[in-house]
Amino acid sequence: MSEGVRDSIYLWLSTLAFFGAFWACLHFDWLEGISDTWLWPVFTALLVVNVVQTVRGVWQRRASNPKNPNRL
């Protein structure tokens, strides 16, 4: 399995896990006792990490493409 495929699978699984956990927390009211002071910054931080990982994965795949005209 190539590194690109492994990274792509990792990104898809982490995205699905994030949204699945978010849905479960909202659906089952697991976050009832947590104050809003901590709740939304934590979810925002997790979302930012996930987006950064996705952009990094796309950038690496684009940079490793031999048909990319911008490649050095």
Side-chain angles (χ1 to χ4, degrees):
M1 179 182 308
S2 71
E3 185 178 346
V5 172
R6 188 173 46 245
D7 288 342
S8 182
I9 290 171
Y10 172 70
L11 289 171
W12 272 103
L13 290 177
S14 64
T15 302
L16 290 175
F18 174 78
F19 285 111
F22 184 72
W23 174 85
C25 288
L26 293 177
H27 184 73
F28 296 113
D29 290 331
W30 291 343
L31 306 174
E32 188 80 22
I34 300 174
S35 71
D36 287 341
T37 305
W38 288 99
L39 179 63
W40 294 112
V42 168
F43 274 118
T44 303
L46 290 174
L47 181 64
V48 167
V49 166
N50 199 356
V51 168
V52 167
Q53 286 179 339
T54 302
V55 169
R56 180 180 173 265
V58 169
W59 182 262
Q60 283 182 337
R61 188 167 66 195
R62 181 180 173 271
S64 66
N65 184 1
K67 295 180 182 178
N68 183 4
N70 297 327
R71 189 172 179 205
L72 297 176

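Note that these values count all heavy atoms, side chains included, but never hydrogens, waters or copies made by symmetry.
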Asker: Kindly work out whether a path of hydrophobic side-chain contacts (I/L/V/M/F/W/Y, heavy atoms less than 4.5 Å apart) joins Leu47 to Leu16.
Answerer: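 Different clusters.
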Asker: Kindly work out whether a path of hydrophobic side-chain contacts (I/L/V/M/F/W/Y, heavy atoms less than 4.5 Å apart) joins Val58 to Val5.
Answerer: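 Not linked; separate clusters.
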Asker: Taking a hydrophobic cluster as the set of Ile, Leu, Val, Met, Phe, Trp and Tyr residues connected by side-chain heavy atoms closer than 4.5 Å, whether directly or through intermediates, do Val49 and Leu11 fall within one such cluster?
Answerer: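 No.
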Asker: Indicate, with yes or no, if Tyr10 and Val48 share a hydrophobic cluster defined by side-chain heavy-atom contacts under 4.5 Å among Ile, Leu, Val, Met, Phe, Trp and Tyr.
Answerer: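 Hydrophobic grouping puts Val48 apart from Tyr10.
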Asker: Find out if a path of hydrophobic residues (ILVMFWY) with successive side-chain heavy-atom gaps under 4.5 Å connects Phe19 to Leu46.
Answerer: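 Both belong to a single hydrophobic cluster.
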Asker: When the ring planes of Trp40 and Phe43 are compared, do they come out parallel, tilted or perpendicular, using 30° and 60° as the limits?
Answerer: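 Aromatic pair Trp40/Phe43 classed tilted.
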Asker: Around atom CZ of Phe22, are there more than 12 heavy atoms of other residues, nucleotides or ligands at under 6.0 Å?
Answerer: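 Yes, CZ of Phe22 has more than 12 neighbouring heavy atoms, counting only those of other groups under 6.0 Å.
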